[in-house]
Amino acid sequence: MDKYALITGATSGIGEACALQFSKLGYSLILLARREDRLLTLKNELEKDGVNVLTFSVDVRNESQVANAINSLSSAVKSHLKVLINNAGLAVGRGVISEGVIDDWERMIDTNIKGLLYVSRYVAPIMQSNKQGHIFNVSSIAGKEVYAGGNVYCATKHAVDALSKAMRIDLVQDNIKVTNIAPGATETEFSIVRFKGDAEQAKAVYNGFEALRADDIAEVIVFAASRPAHVNLNDITIMPTAQASATVIHKSMP
Ligand code: NDP
Ligand code: 8X3
């Protein structure tokens, strides 16, 4: 039986790149996201290369959808579940707290914090009974620092950072590794989502410097997942060379 990696937010960006790279490492995949058409396209593409892929069209904000998907896995799959990548997440909007859009705040809190908790709540017991596992929580540089207009998004990613530390303590006796991943500017669909489909505003975020690509983050996750059993990378911050902090980006290109 193969080893399985469960990846949330696999239909785009970092999650999709992880799916492709973990498949090359010999993993079978359990892929979750809302957009079923994209999940099926990815599944078809991977299956052509002989990869086993299970897909679940799930909104991680919905606890019963998460529970149904994970509980439906066969005991054979559960017993080979080695890796969880809690990647599904988003920023929605950017602005001062006094003008915040409550619905945007709720989408971020419900997805980035509660969604990650629901998935972890159903996967961690499986890993505990397997007496092994590796959980990756995708936080952000926004989980280490705050920046103007980032208030609620930064708060959700600080929560992910805290949960990574707490989960590591809770699960250490079960031989479960927890790695916090904190990327800087990575060009994916992230900014298109943040700016609600405004492609021009999204593009401007990455103008003038070479941003990270989703593959850069996936490569680091694959590296951490392939360390020897006694080695865990607790916390990895990954930045574009041109980015020094959440707010300092050296824009030198036209
Ligand atoms: P993308 O927008 O390209 O991908 C986000 C993924 O999350 C999509 O597959 C989307 O799938 C999924 N997703 C969003 N909401 C939900 C939901 N409610 N239920 C299930 N899946 C959901 O962005 P990135 O790849 O950049 O983002 C991945 C993670 O990386 C996020 O947690 C983000 O905060 C974090 N990050 C991103 C950085 C960046 O600069 N890009 C930097 C630091 C961290 P679907 O819409 O089909 O549900
Ligand atoms: C995404 C990176 O700096 O836009 O988490 O918050 S940032």
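In each ligand, atom 1 is the first atom listed, and ligand 1 is the first ligand listed. Start at 1 with the first residue, then count along the sequence.
Using a 4.0 Å heavy-atom cutoff, R38 is absent from the residues neighbouring ligand 1. Ligand 1 lies within reach of V58, whose nearest heavy atom is under 4.0 Å from it.
For the pair R34 and ligand 1, the shortest N or O to N or O distance falls below 3.5 Å. For ligand 2, the polar-atom distance check finds an N/O of S140 within less than 3.5 Å of one of the ligand's N/O atoms. Taking any N or O of L32, backbone or side chain, none lies under 3.5 Å from an N or O belonging to ligand 1. Ligand 1 has no nitrogen or oxygen under 3.5 angstrom from a nitrogen or oxygen of Y206.
Contacts of I141 with ligand 1, taken as heavy-atom pairs under 4.0 Å, are absent altogether. Counting heavy atoms under 4.0 Å from ligand 1, residue S139 touches it through the backbone alone.
For the residue pair D235/T237, the side-chain donor-acceptor check at 3.5 Å is not satisfied.
Looking from atom 6 (O) of ligand 2 to the surrounding protein, the closest heavy atom is Y147 OH, 2.6 Å.
Counting atoms of ligand 1 from 1 in the listed order, those under 4.0 Å from a heavy atom of A10 are 9 (O).
Between R213 and D215 there is no salt bridge, since no side-chain nitrogen of the basic residue lies less than 4.0 Å from a carboxylate oxygen of the acidic one.
Within a 6.0 Å radius of CZ in R35, more than 12 heavy atoms belonging to other residues, nucleotides or ligands are found.
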